[in-house]
Student: 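I have a structure here, written as structure tokens, and I will follow up with some questions on it.
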Amino acid sequence: MNIPFLKTDALPFCKGCGHDLIAKNTTRALEKLGFKPLDVIIVTDIGCHGIIDKCLNTHTVHGLHGRSAALGAGITFGVEEPGKKVIVFIGDGGSTIGLQHIMEAARLNLNMTVVVHNNFLYGMTGGQTSGLTPHGFNTTTSFEGNPYAGYDICALSHTAGASHVTRVMGIGDISDKLAVAFGTRGFSLVEVMEICPSYGMKLNPKRKLSEIVESAGKEIGEWFNQREPFNIRQGKKIADLLEKTRPVEKGFKSYLKKNTSVILSGSAGEGVQLAASLLCKAAMRSGLSITQKGSYPVTVGVGFSTAEINLSPEEIHFHGIAVPDMVVITSGDGLAHNKQRIAKMKDGFLFIDQSLEVPSTGAQVIQHNFRGIGARNASIFSIFFLAMKTGIISTESILKTIEEEGMTEKLPVAKIKEALVQ
Amino acid sequence: MQEKSKGSRVLIDGSRLMIEALARAGADAFIGYPITPANLLYQYGSQRMELMLAAPDEITTLQWMSGLAATGKLPVTATSFPGFALMLESMNMAYMMELPMVIILVQRLGPATGTATCGAQGDLLLLKGMISGGHPIPVLATADFMDCWQLSAKAAEIAVSLRTPVVLLTSKEEVMTHKSFNLDLLQEINKVERKEFQLDCEYKSYKPTDFVPDFLPVTQKRYQVRLNASTHDQTGILQHSNEESMANTRRLEEKVLHRMKAHYYYTFDEQKEASKLVIAYGITSSAAIDAVEMLRGQGEKVSLLIPKTLIPCPDFYRELILNYPRVVIAEENINHQFASLLFGQNFPENLAFCGSLGKMISPGEIMEEVNK
Ligand SMILES: Cc1ncc(C[n+]2csc(CCOP(=O)(O)OP(=O)(O)O)c2C)c(N)n1
Ligand code: SF4
């Protein structure tokens, strides 16, 4: 037995409402194309047109006001079986609050059809002006006529890249026009021009639909883009995220007895974050637990770059650093960013590039020419110097880390070694 | 995929663990819109999930996720308050339609755009009231890397088995900080089983078995599926407020309250004869662990509760609080959101608070409050 698309011919709209014509022509068009009801997913918006839902024998999805095009797009992304059809019913109101969703579906050329029920006003909420109300059209919120022209939803969708766009008058048999849209590969949009008898006709008594459409300058026609529909399944390579993280093997000793917090700070582009991660991995290689976090301005290419590190022989829980144990400053940006914290230090070490003015601090200050090796490697050099001076880890563990990370060629290891003995 | 990395200490961040765990549990789509501090999750999601889509905004994000969920996918997204706010109506839709998905909410300092790169714990009460009608939406808060793994998998399981959006609550410092971590500690995660309706009888989209309706994707052709975000009956047809539809709306609440009882997660580190209790969730729990350890080292008797299932809120938390003469709740906000979740504005007299704005709470601050 052939199940009809509609459960009944007595649809729940006001007498003469254009939504009735769209619903009936939609089913006719789907029948012409040979679809069965359960091949079809109809996504309805909130608005009068959406109450058709209960009369349909298709799958039905009734979402939010304005969002049905995006919801339909989501379904389209998930459809893997061939021979399915996703249709979105939306009003003129819904299509402006959700304009972005329609544009996005058109831009991606998703395999779906949006049917805009354009009755020039918000029907369900009482006949207010919408973004598609034509200039001069009366609504319950503009009795003297809408002072602005409405959007051209067809032109917008066409420009955004829809395969097929058409504007039709909601009069007579429009099933062939709808069938073209439903049969399109890629995104199609049909704007059906209609009148809401309950508000539109009452407030614009002498006007005819054809005259309203014409005076609004809305051409009845079809527009095409020759494009392939969206296709997502292109054999994407999926990466196991844990396989990608390389284990750090223990091979060195550390004599660190308690949690020690270290701040490395310099300028963007001077290797601070890289130095921090080398220091951390070297510490892990030495059996320590670590935490590492970076901070920098949103414009990552300029200004300061700071790394906050905890090293501990025990498991670390809290990783915040109020007053650090050791601070390494390799540039003026780094100094400015950490001045307050450095001032709070009562003990510990401040390593600072010799070109910088030493700030007031209770820490033991060690000045050194970190930038002499070149600004780009100042921070890398500083962690070797830090290791050598404090013994928290060995310089060998850093060298081994650089080797394991495959960075021996990229970093001036020989120059660093040389600078260390100077 | 095999866990090749046996015996392995790695430098890793919580975002990576969360996405990998979700993927292993069966999440197969990541829909992203960039926002700090959730960008790492987006990056990993795009590498790890079978399907990755870049949405043009967060309303679209949630709608696309809902559409995908309607076809049988398990989508994930990650955001922070500004994006979450845009998702709110659509999350209500997904809740009403009963569509599974996981939303990772990475808290940052508000109000509004606030400070994108500063952590916070200021969104709990928003979550408490986010479903119109006050129905509970499951919220799990991660406290450490183990939770990033286990609770993420649980979130996927809850989303599918309860047919609901689930919020994984975390914060900037939890998902962006790298730490040394032993991957061997991670338990294997099994893919969540999805049971589709297969009986030969009539299918109703919202007819429940043990509070949860059987799922069928809108792409199969045996039974009609109706999904509806408006008040609806068991068939999924819009109703004003008749008995059947009100029973359905009531069921949404009962479903979460009842079925989440199997998912009450927390860590309770009880010390015998302790008269003091420290409570902290999310990022602040690490400071609380240190504080309690140091207090015990000083001879204090203190217990520690780290709640992980935050919504619906297990009665156990309330009962426990009433059993201790002095309770300190530490969280990174200035208005005691966790206590409000439990007690409204009538806090019991044994409660004391340790709050903060724009910075992490330190173990020392918690100790000070406990010692007062
Ligand atoms: C976010 C949101 N804003 C407002 C509404 C109220 N609302 C319900 S229907 C509707 C207008 C529907 O008009 P239209 O889309 O043109 O469809 P019609 O009723 O004319 O078929 C509005 C504004 C809503 N449901 N959701
Ligand atoms: S109010 Fe207008 S749009 Fe709504 S059903 Fe009646 S005629 Fe149609």
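All values below were derived from every heavy atom in this structure, side-chain atoms included, with hydrogens, water molecules and symmetry-related copies excluded. Worth saying up front: this structure is predicted, and the values here are computed from it rather than measured. Reminder, nothing fancy here: chain letters follow the sequence lines and each chain counts from 1.
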Student: Do the non-hydrogen side-chain atoms of B:Leu17 and A:Leu242 ever get within less than 4.5 Å of each other?
Tutor: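 Yes, side chains in contact.
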
Student: Which atoms of B:Thr235 come close to chain A, meaning under 4.5 Å heavy atom to heavy atom: side chain ones, backbone ones, both, or neither?
Tutor: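 Neither; nothing under 4.5 Å.
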
Student: Which bit of B:Leu11 comes within less than 4.5 Å of chain A, counting heavy atoms only: side chain, backbone, both or neither?
Tutor: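 It is both, since atoms from each part get that close.
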
Student: State, with a plain yes or no, whether a side-chain heavy atom of A:Leu64 is found less than 4.5 Å away from one of B:Ser90.
Tutor: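 When only atoms from C-beta onward are counted, B:Ser90 and A:Leu64 do touch, with a gap below 4.5 Å.
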
Student: Spell out, as yes or no, whether a donor-acceptor pair under 3.5 Å connects the side chain of A:Lys84 to the backbone of B:Thr219.
Tutor: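 At least one qualifying donor-acceptor pair exists.
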
Student: Need one label for B:Asp28: side chain, backbone, both or neither, based on atoms under 4.5 Å from any heavy atom in chain A.
Tutor: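 It is neither, since no heavy atom gets under 4.5 Å.
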
Student: Can any side-chain N or O of B:Arg226 pair as donor or acceptor with the backbone N or O of A:His59 at less than 3.5 Å?
Tutor: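 Side chain of B:Arg226 to backbone of A:His59, a donor-acceptor pair under 3.5 Å: no, none is there.
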
Student: Heavy-atom pairs under 4.5 Å with chain B are the metric here; pick the option from A:Leu108, A:Thr58, A:Ile51, A:Ile46 that has the most.
Tutor: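 Option with the greatest count: A:Thr58.
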
Student: By the side-chain hydrogen bond (donor to acceptor under 3.5 Å, both in side chains) test, which pairs, at least two apart or in different chains, include something from residues 280-290 of chain A?
Tutor: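 Found A:Lys281-A:Glu405, A:Arg285-A:Thr401.
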
Student: Check whether B:Leu68 gets within reach of chain A through its side chain, its backbone, both or neither, counting any heavy atom under 4.5 Å.
Tutor: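 Interface part for B:Leu68: both.
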
Student: Relative to chain A, which of B:Glu293, B:Lys179, B:Met52 shows the most heavy atom pairs under 4.5 Å?
Tutor: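 Maximum pair count with chain A is reached by B:Lys179.
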
Student: Considering only heavy atoms, which portion of B:Ser46 lies under 4.5 Å from any heavy atom of chain A: side chain, backbone, both, or neither?
Tutor: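 Just the backbone, heavy atoms under 4.5 Å.
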
Student: Under 4.5 Å, counting heavy-atom pairs only, tell me which of B:Thr284, B:Ile289, B:Leu227, B:Leu62 racks up the most with chain A.
Tutor: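 Maximum pair count with chain A is reached by B:Leu227.
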
Student: Does any backbone or side-chain atom of B:Ile31 lie under 4.5 Å from a heavy atom of chain A? Answer side chain, backbone, both or neither.
Tutor: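 For B:Ile31, no heavy atom lies under 4.5 Å from chain A.
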
Student: With a 4.5 angstrom heavy-atom cut-off, which part of B:Ile361 approaches chain A: side chain, backbone, both or neither?
Tutor: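 B:Ile361 touches chain A through backbone heavy atoms alone.
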
Student: Given side chains that start at C-beta, do those of A:Glu81 and B:Thr71 come closer than 4.5 Å, heavy atoms only?
Tutor: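 Result no, sub-4.5 Å side-chain heavy-atom pair not found.
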
Student: Do you know which of B:Ser285, B:Gly72, B:Ala229, B:Ser180 has the most heavy-atom pairs with chain A at a distance under 4.5 angstrom?
Tutor: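 Result: the option with the highest number of such pairs is B:Ser180.
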
Student: Would you tell me whether B:His178 and A:Ser277 have side-chain atoms, one donor and one acceptor, within less than 3.5 Å of each other?
Tutor: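 Result is no, nothing qualifies.
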
Student: For the CD atom on B:Glu368, are there more than 12 heavy atoms of other groups (residues, nucleotides or ligands in this structure) within a distance under 6.0 Å?
Tutor: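 No, CD of B:Glu368 has 12 or fewer neighbouring heavy atoms, counting only those of other groups under 6.0 Å.
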
Student: Pick from B:Glu89, B:Met97, B:Met65: which one has the most heavy-atom pairs with chain A under 4.5 Å?
Tutor: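 Looking at each of B:Glu89, B:Met97, B:Met65 in turn, B:Glu89 comes out on top.
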
Student: For the interface with chain A, which of B:Thr36, B:Val218, B:Ile237, B:Asp13 has the highest count of heavy-atom pairs at distances below 4.5 Å?
Tutor: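 Top option by heavy-atom pairs under 4.5 Å: B:Val218.
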
Student: Between B:Lys73 and A:Glu80, is there a side-chain N and carboxylate O pair less than 4.0 Å apart?
Tutor: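 Between A:Glu80 and B:Lys73 there is a salt bridge, with a charged N closer than 4.0 Å to a carboxylate O.
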
Student: Quick check: does any side chain N or O of B:Gln224 sit under 3.5 Å from a backbone N or O of A:Leu56, one acting as donor and the other as acceptor?
Tutor: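 Checked: pair present.
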
Student: Does either side chain, that of A:His62 or that of B:Asn228, offer a donor lying less than 3.5 Å from an acceptor on the other one?
Tutor: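 Distance-only check fails for A:His62 and B:Asn228.
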
Student: How many angstroms lie between atom CD of B:Gln47 and atom CG of A:Asp240, to the nearest 0.5 angstrom?
Tutor: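 Reported value, rounded in 0.5 Å steps: 11.0 Å.
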
Student: Given the options A:Val40, A:Val61, A:Leu71, which has more heavy-atom pairs under 4.5 Å with chain B than any of the others?
Tutor: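 Highest number of pairs under 4.5 Å: A:Leu71.
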
